[in-house]
Amino acid sequence: MIGHSGVSTHDVGDGRHDSNRIVRDVTVVEVGPRDGLQNEANSVPTAAKVAFVDALSDAGLPIVEVTSFVHPKLVPQLADAAEVMAAIHRSPGVRYPVLVPNEQGLARALGADVDAIALFTAASEAFASANVAATIDETFERFAPVVAHAATRNIWIRGYISVSFGCPYSGAVSASAVAAVAERLLALGCDEICLADTIGVATSRDVQHTLSAMQQIVPIQRLALHFHDTSGNALRNVEAGLDYGVRIFDSAAGGLGGCPFAPGAPGNLATEDLIAMLDGAGLRTGVAVEGLTRAVAILAPYLTAPRFANA
Ligand code: MG
């Protein structure tokens, strides 16, 4: 499946900002510290989060999404966002984005000296309403001042589109709806667009269909895919993305995260599974599996998910 797209496998995407000149064919974006831990019931001590983030950058991950500056009342698991940002070792060449929902969140993030942020909206009105109590239009109203302010600080910006492949409230999501939101995020000034399968329902056919709708909208080197393994399809979906020329994929060490809409189901695609698949396909990531094992072991005392219990 992989590699017959004719897309060359030299370094594209975010590998280019590396100062250490590691050649990467695929950029793996580690979202465990944010997307993973915000969905875990157990709270993890700040020091363990910091050690986890540092172990992930030591493992060779070029981008580690550290935390979220959503209001602490909404995501109490990440209420220590500023403390975590202050304590991590910022490895040269590694990008450390944080989630920012609005101007107040950006102010807190700037206070923590962040240099990359992620905004999040949705492909369905039902999910936007449930997740951020706003219409899609209103999320863009919130983003405008955030992006204007971030631009004055030269801050890198990712735009997430939740439920790009299916919504827990309204069901199927059309590729044209995703494309319309992606176009608005690019016009707003996002550096990268990430299509998220928030509830893990995408099939490889869905991925092909949605990516074909993106072709005239988002330059392929600025497009990322975020899959959950809820239905066991995540790696096949990554292959479908690779076939289309996508070279940026999200994952979470240990498969952290679960799925809030499917209790007990697997969460984010596990970084170790993604790296093993890419290694097997001869695609370089710069990530060492042994380093990931060390990172997962740091959280083992605090989490009960199977991979952590055994770590
Ligand atoms: Mg996720």
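Small disclaimer: the values here were computed from a predicted structure and weren't measured. We count ligands from 1, going down the list as the structure has it; atoms in each ligand are counted the same way.
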So, T121 versus T139: side-chain donor-acceptor pair below 3.5 Å or not? yes
Between N268 and H226, is there a side-chain donor-acceptor contact under 3.5 Å, judged purely by atom types and distance? yes
Taking the side chain as every heavy atom from C-beta outward, state whether F120 and P101 have any pair of such atoms under 4.5 Å apart. yes
Only pairs under 3.5 Å count here: list side-chain donor-acceptor contacts from residues 171-183, not counting sequence neighbours, and write none if there are none.
unit_1 : atom_1 : unit_2 : atom_2 : d
S174   : OG     : S176   : OG     : 3.2
S174   : OG     : A177   : N      : 3.1

Per the ring-ring contact (aromatic ring centres under 6.0 Å, His included) rule, what does the pair list look like for residues 129-155, sequence neighbours excluded? F140-F143
Counting only protein N, O or S atoms (no waters) closer than 2.8 Å to the Mg ion (ligand 1) gives 4
Could you give the side-chain donor-acceptor pairs of residues 103-112 under 3.5 Å, partners two or more places apart or in another chain?
unit_1 : atom_1 : unit_2 : atom_2 : d
R108   : NH1    : F69    : O      : 3.3
R108   : NH1    : V70    : O      : 3.3

